[in-house]
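Here is the structure we will look at.
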Amino acid sequence: MTPIQTPQSPVLLALRRIGPYHHARFQAAAERMPLVVLETRPDSQEYPWLFTAQGARYGRRRLEGAPSPEQDPPLISLDRQLKALNDAIAPSTIVCVGWADSSYLRLFRLAAERTLPLVVISDSRWRDRPRHWLPELSKRLLLRQCGSALVAGSESRAYLERLGFPAAAIHQPWDVVDNAVFQAPSTPGNPRDDNGTGGPADPPHFLCVCRFVAKKNHQGLLAAYAAYQRLGGLWGLRLIGAGPLEAEIRAAVASLPDPSRVQLDPFLQLEALRLAYSQAAAVVLASTSDQWGLVVNEAMAAGRPVIVSSACGCAVDLVRHGVTGWCFDPHEPGGLLVALQRLEQTPLDAREAMGAAARENLKNWDPAAFASGLAAAVEHASGDRRNSLSARVATALLSRR
């Protein structure tokens with residue numbers, strides 16, 4: 001195998017905001033290449049991380065002047081800042097986490113103007129939403145500017161290929177966590193005790209960690225859990241998250257046969273979340289649509305069996321049905337109920353074996369694997385510099401929306 005060449009000038013990678021998961025990936029990548037990360041929405045609260053990236057081995061830059069934390073700066077300011085950054089660091093390659101935001105699109109344009117290699121990172125899938133020909137055509141045009149791609153897994157790879165992107169130019173993985181953070185030895189546990197200290201209590205419980213938004217399908221989970229309770233199920237359920245549907249979720253919990261079995265907690269920072277996984281007997285993700293589902297990586301790294309909706313991108317690549325957990329169709333309510341019952345009926349030693357198999361299945365999905373995938377994508381793009389007129393026109397039009 002020919003060794004991957006390390007770029008001499010920095011790789012510039014743009015994403016909205018660095019979180020603890022990104023930090024672990026970028027630390028690993030910085031061992032392979034000089035890396036500068038641009039936060040395009042550094043004050044975003046889409047995920048309210050309390051995180052400062054202390055000890056970063058990569059450079060950090062931030063865009064300024066946005067009208068709100070969830071928006072990019074105005075185009076004139078955006079172009080001025082991006083050009084100044086390019087002049088300051090002279091990147092060898094530009095990497096964008098997607099193509100939806102004006103900041104990414106203007107970086108596409110900048111790459112074309114400066115004849116710089118361009119890598120796109122994508123976890124989108126064909127089935128994420130209804131597809132219409134005009135947006136899909138726009139994506140095909142944009143991708144003509146990209147020399148390579150880094151994707152989450154099999155389904156996101158297939159989507160880019162469907163858009164006409166060459167298979168040989170697609171690398172992975174993108175969606176990884178620092179598995180070692182979640183692998184601290186622990187015994188499958190139980191909900192926190194009444195004083196909130198994290199002490200054990202019976203019975204065991206299922207854990208669901210995700211935002212309180214419609215696609216995460218808390219209503220479907222709680223409907224299945226209500227049926228589980230009516231049929232004599234004894235395990236508890238812990239929900240961790242925040243979002244606009246919190247009131248609806250609390251109302252659904254209150255209507256359960258035994259609401260006292262359910263514990264709701266707000267968004268947790270990484271260390272508290274690690275403890276939550278160690279206390280759970282199993283982890284459930286019931287999404288009706290989910291590009292990946294990073295909590296499944298976390299759960300498997302913690303050695304927990306998983307019950308995962310087949311609508312999650314990670315299900316294809318990470319979940320081995322009956323070995324590391326179970327998959328179910330979120331549009332067939334009985335499937336989740338059966339999985340909850342099966343797991344309760346599984347002896348502890350068998351659950352521990354499933355957790356061990358989950359950790360083993362995750363060994364090629366870690367920050368080192370991300371660093372290798374990024375390095376391969378950067379090298380591939382450096383040999384395929386593009387300057388597509390149609391891509392430049394599409395970029396200019398789309399970034400002014």
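Quick note: numbers below take in every heavy atom, side chains included, and nothing from hydrogens, waters or symmetry partners.
- At a cut-off of 3.5 Å, with distance as the only test, no side-chain donor of Asn217 or Ser287 sits close to an acceptor on the other residue.
- By the 4.0 Å N-to-carboxylate-O rule, Arg16 lies too far from Glu70 to be salt-bridged with it.
- Taking 4.0 Å as the cut-off between side-chain N and carboxylate O, Glu246 and Arg250 count as a salt-bridged pair.
- Atom CD in Gln279 sits 9.5 Å away from atom CZ in Arg304 (nearest 0.5 Å).
- For the residue pair Gln71 / Ser68, a side-chain donor-acceptor distance below 3.5 Å is found, with atom types taken as modelled.
- Not a single donor-acceptor pair under 3.5 Å links the side chain of Arg320 to the backbone N or O of Ala357.
- A salt bridge does not link Glu46 to Arg41: none of the charged nitrogens lies less than 4.0 Å from a carboxylate oxygen.
- Gln263 and Asp265 form a side-chain donor-acceptor contact under 3.5 Å, judged by distance and modelled atom types alone.
- Under a 3.5 Å cut-off, the side chain of Asp366 and the backbone N or O of Asn179 do not form any donor-acceptor pair.
- Of the N and O atoms on the side chains of Ser154 and Asp317, at least one donor lies less than 3.5 Å from an acceptor on the other residue.
- Salt-bridge check for Arg114 with Asp87: passed, with a basic side-chain N closer than 4.0 Å to an acidic carboxylate O.
- The closest side-chain heavy-atom distance from Val11 to Val36 is not below 4.5 Å.
- Minimum interatomic distance between His205 and Leu237 (heavy atoms only, all atoms of both residues): CB-N, 4.0 Å.
- Looking only at atom types and distance, the side chain of Asp175 has no donor-acceptor partner in the side chain of Trp365 under 3.5 Å away.
- Between the Ser148 side chain and the Ala377 main chain, a donor and an acceptor come within less than 3.5 Å of each other.
- Classification of the Phe26-Trp174 ring pair by plane angle, with boundaries at 30° and 60°, yields tilted.
- Judged by distance alone, the side chain of Tyr228 and the main-chain N or O of Trp235 form a donor-acceptor pair under 3.5 Å.
- Centroid-to-centroid, the aromatic rings of Trp99 and Tyr104 stay 6.0 Å apart or farther.
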Criterion side chain to side chain contact (heavy atoms under 4.5 Å, CB included) on Val119 and Thr93, from CA distance to verdict = CA-CA 8 Å; Val119 178; Thr93 308; 4.0 Å; yes
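- For the residue pair Asp258 and Ser260, a side-chain donor N or O sits within less than 3.5 Å of a side-chain acceptor on the partner.
- In summary, the side chains of Ser289 and Arg129 do not present any donor paired with an acceptor at a separation below 3.5 Å, with no hydrogens or angles considered.
- Without hydrogens or angle criteria, Arg131 side chain to Trp126 main chain gives a donor-acceptor distance under 3.5 Å.
- Judged purely by atom type and a 3.5 angstrom limit, Asp178 has no side-chain atom pairing as donor or acceptor with the backbone of Pro367.
- Residue pairs satisfying the side chain to side chain donor-acceptor pair (under 3.5 Å) criterion with at least one member in residues 48-67, sequence neighbours excluded, are listed as follows: His23-Tyr58, Glu31-Arg57, Glu39-Arg60, Asp43-Arg62.
- With no hydrogens or angles considered, a side-chain donor-acceptor pair links Tyr277 and Glu298 at under 3.5 Å.
- Side-chain atoms of Arg238 do not come within 3.5 Å of backbone N or O of Ala280 as any donor-acceptor pair.
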